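Notes follow the structure.
Just so we're clear, the structure is a prediction, and the values are computed from it rather than from any experiment.
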Amino acid sequence: PDGGQGYERMGILNMIRKSCNYSMNDCIRATLLFLFFIGCLSSRSTLRGVNGRTVRRVNYRVKSSIPMAPQGKNSDLREISAIRSRENVGNYVKAKNRKKIGINQKLQSASSGIEALELLEVVDERLSPINVVTCLHTIAKREPMFPKETHTAKVQDQWNFLSSRLEACLSSLDARGVATMIWAFGKLQVNDSENQLRISDSLYRQVSERAQQVVTECNLRSLASMLWGFVQLDSSPSEELLKKLELQACRCLKHPNSHSLSNVLWAFATLRHDLQAGSFELIEEAAYDVLNSFNSQDISNTLWAFAQLEHHPSQKFYTSIQNSAISKLDDFSPQGLSNLVWSMAKFHSLQPEPRLLDGIEKRSIRRLGKFSAQALTNTLWAFGTIRHLPNIKFLRAVQLRSTAVIHQFTPQGIAVIMWSLAQLGESPVEVLLEDMQSRVVKTADEFSPQAISMILWSYSKMELKMPKELQFALGEQILRTIDYFGPQTLGNTFWALSKFDAYPRPRVLNALKGKVLTCHDRLNLQATVNILWAMKKLGQHPVGRFTQQAKDRLQKKLSHDSPDNMTQTLINAWELEDELWEKLKTRAIELESQWTPQSIASLVWSFTPHSIKTNRTLKTDTSVSNCQHRSILEKLEKRGIELKMPMYVNTTSHG
């Protein structure tokens, strides 16, 4: 009970005193036992002298776990022997762990990646798997202080040595070690062809296989590190591994960490891994529970990931996360603001909070000097898609910032900026327009068919005069990329070209007409009418086969079209021939019960220019045309109050 001290102080004296009354054999036995105890005492003093107080603490801890209820002399000997053995084992383990911790501390305190590699060579014989991973982690963290110009032959040899040690200890690493390794590989971009610090394909394959083996042991933080590493490596893991990572992420949602949860979701979206519907529900529920602990980056990452994966959150979650974003708007970075508003524009079925849009607009003006070209593109596109009209101060500031970073814009970015300004009804300032035109002319050979049609549509919508050199450059790119034009792109391009004062070159028109003939069976109603209208306005008479096939397709599509598409079709169809025009009007009346305020205004507007252009007059009798007009006007009287003021004025003026 006194920790064994009684054996050393009182036990031996009692034995000697009692041995005086025993026989000679008993005395010999007692003497031998006395000598044994002397040996034990000398061994204890040696351990004390070598390791001092540290060993005593270890011994007390070991002894306290041993039941101290000895029965007889033999039990005493066995108990003491066990204590001495455990003392030695505990001392050895403690010393070994102390060495590992010491090496890790030295590796972590290295001021550069080169210093960590040099230290690795010095302690080679004492390295454990933990030390090897710690060295790799330190190099990744110090990567900015590990410039490529310092990658000498010696450094390359040291890196190869580290890679070999990583491969040797890979099978003994746990989930955290594997996640750290993948994170470090991503940070160092080890698969970059220009990077001298590369790993072999064999090692990368083994790491991926080991990740599959330990994925069920990962927590949410390890999963986030692992997925982030795969994203940075620009190498999507196998579909089997992604499914296992998704399943394990769902298992870890009982006690989620907000930062790790948003990072996991962001990584899945970046890797374009389509989550199961059940996984979305679990992740959304877990995110809702920890929404109060979300920071600004977590909010933007979560919404961006939902938008990227085309998952529309529930109204309850969407309202809550918008309110959370409003309270943290001052913490958002420029990239976070642009991602936030871009995500909101992607959720077509959900209504954005006006207070949040206004807050994003005000916050963006203050941080506009740090907006990149991509952030400017996303922000303007989102406002244009949502049809949220910012104030003139914001639009002018965005245009001036775009001028400052004009060299950063991609062809698609330029097209989106022009399209967004056209959607918002704001003509670009002169300096931006000149810079954009110059940029388009220089990079015209990089424009995709979609970007070409967006540029042409924007100029037509804003009624801007297109310079001849710009028209020529885009025409040449149309000829180069004509095989990649889709139905919608063709329709928009035809419509835009017909609105210009300058007549397009015959080569360009013939190329577009030839493409229409090859894909006419894939044209939707809007594109079909746009192309027919544009050809007639341009004085082009399409070949009979296309005209007849387009009419047939148009008549088939009429019974399946939506009211809004129908009204827009009527607006563009006022120069079409009588037979087709009558069919369109009849179909419009059939959809009367589905008309919206926008539909009413557009329909009334569409009839008037048709009558003027074709010299038709509205009859006063009970003809079909008169019935159609009276039906429209009656509906206008009942629902006119729903019209917005500019729309109402436009409608009644034409009427």
Side-chain angles (χ1 to χ4, degrees), residues 224 228 231 258-270 272 280 283-284 286-288 290-391 393-395 397-398 401-402 405 413 416-417 419-420 423-424:
W228 186 91
V231 170
S258 58
H259 191 59
S260 298
L261 177 60
S262 65
N263 283 348
V264 166
L265 196 56
W266 171 87
F268 278 131
T270 307
R272 303 297 180 117
F280 271 123
I283 291 174
E284 186 177 320
Y288 183 80
V290 295
L291 202 54
N292 291 333
S293 61
F294 268 40
N295 59 27
S296 57
Q297 185 179 358
D298 297 333
I299 293 172
S300 61
N301 281 354
T302 301
L303 284 178
W304 180 88
F306 279 150
Q308 192 75 3
L309 294 172
E310 299 180 356
H311 169 73
H312 287 204
S314 64
Q315 187 63 52
K316 175 185 175 182
F317 177 81
Y318 190 54
T319 302
S320 299
I321 200 170
Q322 285 188 101
N323 292 333
S324 182
I326 292 172
S327 64
K328 298 180 175 68
L329 266 179
D330 290 339
D331 301 331
F332 277 84
S333 64
Q335 186 66 41
L337 288 169
S338 67
N339 285 349
L340 178 62
V341 71
W342 180 88
S343 305
M344 295 166 65
K346 282 286 189 177
F347 301 138
H348 305 296
S349 61
L350 299 173
Q351 186 66 27
E353 176 63 45
R355 290 184 301 138
L356 180 55
L357 292 175
D358 293 337
I360 292 173
E361 182 183 333
K362 294 175 182 178
R363 177 65 176 167
S364 298
I365 291 177
R366 295 198 296 268
R367 302 293 301 275
L368 210 54
K370 296 183 179 179
F371 269 61
S372 64
Q374 185 63 49
L376 291 168
T377 302
N378 288 349
T379 304
L380 263 189
W381 176 87
F383 283 142
T385 303
I386 298 173
R387 300 296 179 92
H388 171 77
L389 183 61
N391 61 45
K393 180 181 177 182
F394 173 82
L395 289 174
V398 167
R401 177 59 183 169
S402 300
V405 294
V416 170
I417 289 288
W419 178 89
S420 303
Q423 281 286 90
L424 296 171

Check: Would you call the rings of Phe306 and Phe317 parallel, tilted or perpendicular if under 30° counts as parallel and over 60° as perpendicular?
Finding: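 Aromatic pair Phe306/Phe317 classed perpendicular.
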Next item on the list: Would you please classify the geometry between the Trp381 ring and the Trp342 ring as parallel, tilted or perpendicular, with 30° and 60° separating the classes?
Entry: tilted
With a 4.5 Å limit on heavy-atom distance, are the side chains of [X] and [Y] in contact?
| X | Y | value |
| --- | --- | --- |
| Leu261 | Ile283 | yes |
| Ser327 | Asn323 | no |
| Leu368 | Val398 | yes |
| Gln423 | Trp419 | yes |
| Trp304 | Thr270 | yes |
| Phe332 | Ile299 | yes |
| Gln322 | Met344 | yes |

Next item on the list: Could you check Val341 against Leu357 for side chain to side chain contact (heavy atoms under 4.5 Å, CB included), going step by step and ending with a plain yes or no?
Entry: CA-CA 8 Å; Val341 71; Leu357 292 175; 4.2 Å; yes
Quick one: closest heavy-atom pair of [X] and [Y], and the distance?
| X | Y | value |
| --- | --- | --- |
| His312 | Ser349 | ND1-OG, 2.8 Å |
| Asn295 | Asp298 | OD1-N, 2.8 Å |
| Phe294 | Lys328 | O-CE, 2.8 Å |
| Ser372 | Gln335 | OG-OE1, 4.2 Å |
| Ala375 | Thr379 | O-OG1, 2.8 Å |
| Pro334 | Arg367 | CD-NH2, 3.4 Å |

To the closest 0.5 Å, what do you measure between [atom1] ([X]) and [atom2] ([Y])?
| X | Y | atom1 | atom2 | result |
| --- | --- | --- | --- | --- |
| Ser343 | Leu350 | OG | CG | 12.0 Å |
| Leu265 | Ser260 | CG | OG | 12.5 Å |
| Phe347 | Ile386 | CZ | CD1 | 10.5 Å |
| Ile360 | Leu329 | CD1 | CG | 6.5 Å |
| Ser364 | Arg401 | OG | CZ | 12.5 Å |
| Ser320 | Leu291 | OG | CG | 6.0 Å |

Examine distances only and state if a side-chain atom of [X] and a backbone atom of [Y] form a donor-acceptor pair shorter than 3.5 Å.
| X | Y | result |
| --- | --- | --- |
| Arg355 | Ile326 | no |
| Glu284 | Pro313 | no |
| Ser262 | His259 | yes |

Note to self: Name the residue from Phe268, Tyr318, Phe280 that meets the ring pair (Phe, Tyr, Trp, His ring centres under 6.0 Å) definition with His311.
What the structure shows: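 Going through Phe268, Tyr318, Phe280 one by one, the ring pair (Phe, Tyr, Trp, His ring centres under 6.0 Å) with His311 is satisfied by Phe280 alone.
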Check: With sequence neighbours left out, what residues match Phe383 under ring pair (Phe, Tyr, Trp, His ring centres under 6.0 Å)?
Finding: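 Phe383 satisfies ring pair (Phe, Tyr, Trp, His ring centres under 6.0 Å) with His388, Phe394 only.
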Item checked: Test side chain to side chain contact (heavy atoms under 4.5 Å, CB included) applied to Asn292 - qualifying residues, sequence neighbours left out ->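 Side chain to side chain contact (heavy atoms under 4.5 Å, CB included) check on Asn292 returns nothing, list empty.
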Note to self: Is it the case that atom CZ in Arg366 sees more than 12 heavy atoms from other parts of the structure closer than 6.0 Å?
What the structure shows: yes
Check: In terms of side-chain heavy atoms, does Asn378 have a donor or acceptor partner in Ser338 at a distance below 3.5 Å?
Finding: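 There is no such pair (donor and acceptor under 3.5 Å, judged by atom type) between the side chains of Asn378 and Ser338.
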